[in-house]
Amino acid sequence: MARERRLEARDVEAIFREFAAVMSELPPETEAGWLDASGDLRLAPDIGRKLRAARGVRDLLRQIRLSRSEHDDGDHEEAK
């Protein structure tokens, strides 16, 4: 089961850079999202799928998961 993970600023920056690369490949008139009444950015569902499907983002997210997993395992090792 998937669980929430906290991301560091460098992780979010890398994700946004990859996202920008994906967005730059779309036609400019593509509806990509909206700002809700609170001013929060909401992405269109198909944009989210494109982002998740982008190879660079998949690889980046995998690296983040692995580094977090290794970090978590290290914490457990130190506690023993």
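For reference, positions follow the sequence shown, starting with 1.
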Please table the atom pairs, donor to acceptor, closer than 3.5 Å between any side-chain atom in residues 25-36 and protein atoms at least two apart or in another chain.
{"unit_1": "T30", "atom_1": "OG1", "unit_2": "P27", "atom_2": "O", "d": "2.8"}
{"unit_1": "D36", "atom_1": "OD1", "unit_2": "S38", "atom_2": "N", "d": "2.9"}
{"unit_1": "D36", "atom_1": "OD1", "unit_2": "G39", "atom_2": "N", "d": "3.0"}
{"unit_1": "D36", "atom_1": "OD1", "unit_2": "D40", "atom_2": "N", "d": "2.8"}
{"unit_1": "D36", "atom_1": "OD2", "unit_2": "R42", "atom_2": "NE", "d": "3.0"}
{"unit_1": "D36", "atom_1": "OD2", "unit_2": "R42", "atom_2": "NH2", "d": "3.0"}

side-chain hydrogen bond (donor to acceptor under 3.5 Å, both in side chains) partners of R10, counting only residues at least two apart: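 Only E8 meet the side-chain hydrogen bond (donor to acceptor under 3.5 Å, both in side chains) criterion with R10.
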Under the side-chain contact (heavy atoms from CB on, under 4.5 Å) test, residues paired with A44 that sit two or more places apart: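 Testing A44 for side-chain contact (heavy atoms from CB on, under 4.5 Å), a comparison that skips the adjacent residues, returns D46, I47.
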Atom pair CG (L7) and CD (E13), whose distance is rounded to the nearest 0.5 Å: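 Between L7 CG and E13 CD, I get 12.5 Å after rounding to 0.5 Å.
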